[in-house]
Amino acid sequence: GELVYDGVRFVRSFGVATGQSRYPTPSGVWQIVDMQRNPWWRPPDSEWAKGLKPVPPGPGNPLGTRWMGLNAPGVGIHGTDAPTSIGYSASHGCIRMQVPEAEWLFEHVRVGTTVVIL
């Protein structure tokens, strides 16, 4: 799961989906470097997304309605159009959240916020 802290004060926790064993979510200390409302999804350059086309904002977008990109290459925190994936290792390294929870988080972080992945 994902835990949110304000300094040392615990704020909220969320269920998330993380990277598949083949495309693990990278552990470490990262920062949010890009925040987008209603983002486009662009397929990563990998076998996982071979033949897939970019998806505009709206229903069926794999990022849901919010993207919080990290300085870990190609990795971010985002909503998902596959809510049943939450709780599993299902992504291409990203941290997937339920759309309303990703929207909440988006309002409580900013570019430069530290993200610790264990």
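Looking at Ser27, its side chain never comes within 3.5 Å of a backbone N or O of Leu118 through a donor-acceptor pair. Formation of a donor-acceptor pair under 3.5 Å by the Ser89 side chain with backbone atoms of Ser21 is not found in this model. Formation of a donor-acceptor pair under 3.5 Å by the Gln20 side chain with backbone atoms of Ala90 is found in this model. With hydrogens and angles ignored, the 3.5 Å screen pairs no side-chain donor or acceptor of Asn71 with any backbone N or O of Val33.
Between Glu107 and Arg37 there is a salt bridge, with a side-chain nitrogen of the basic residue lying less than 4.0 Å from a carboxylate oxygen of the acidic one.
Taking CH2 of Trp40 as the start and CG of Asn61 as the end, the distance is 9.0 Å to the nearest 0.5 Å. A distance of 5.5 Å separates CD1 of Ile117 from CG of Leu70, quoted to the nearest 0.5 Å.
Residues Ser13 and Leu3 have side chains in contact (heavy-atom distance under 4.5 Å, counting atoms from C-beta outward). Using a 4.5 Å heavy-atom cutoff, the side chains of Glu101 and Arg12 are in contact. For the pair Phe10/Val4, no side-chain contact is recorded, criterion being any heavy-atom separation below 4.5 Å from C-beta on. The side-chain heavy atoms of Trp30 and Thr114, taken from C-beta on, include no pair separated by under 4.5 Å. Within the 4.5 Å cutoff, side-chain heavy atoms of Ser46 are placed close to those of Tyr23. A 4.5 Å side-chain heavy-atom check between Gln31 and Thr113 finds every atom pair outside the cut-off.
Closest heavy-atom contact between Met68 and Val109: SD-CG2, 3.9 Å. For the residue pair Ser85 and Ala17, the shortest heavy atom distance occurs at O-CB, 3.2 Å. Nearest heavy atoms, Ala49 versus Pro43: CB-CB, 3.8 Å.
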Determine whether Val111 and Asp34 satisfy the following criterion, side-chain contact (heavy atoms from CB on, under 4.5 Å), listing intermediate values before the conclusion. CA-CA 6 Å; Val111 168; Asp34 177 39; over 6 Å; no

Kindly determine whether Arg22 and Glu47 satisfy side-chain contact (heavy atoms from CB on, under 4.5 Å), including the steps that lead there. CA-CA 11 Å; Arg22 190 169 171 199; Glu47 283 296 314; 4.0 Å; yes

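Checked by atom type, the side-chain pair Thr65/Glu103 shows a donor-acceptor distance below 3.5 Å. No donor-acceptor contact under 3.5 angstrom links the side chains of Gln36 and Asn38, judged on distance only.
Relative ring orientation between Trp67 and His78 is described as parallel, the plane-to-plane angle staying below 30° on a 0-90° scale split at 30° and 60°.
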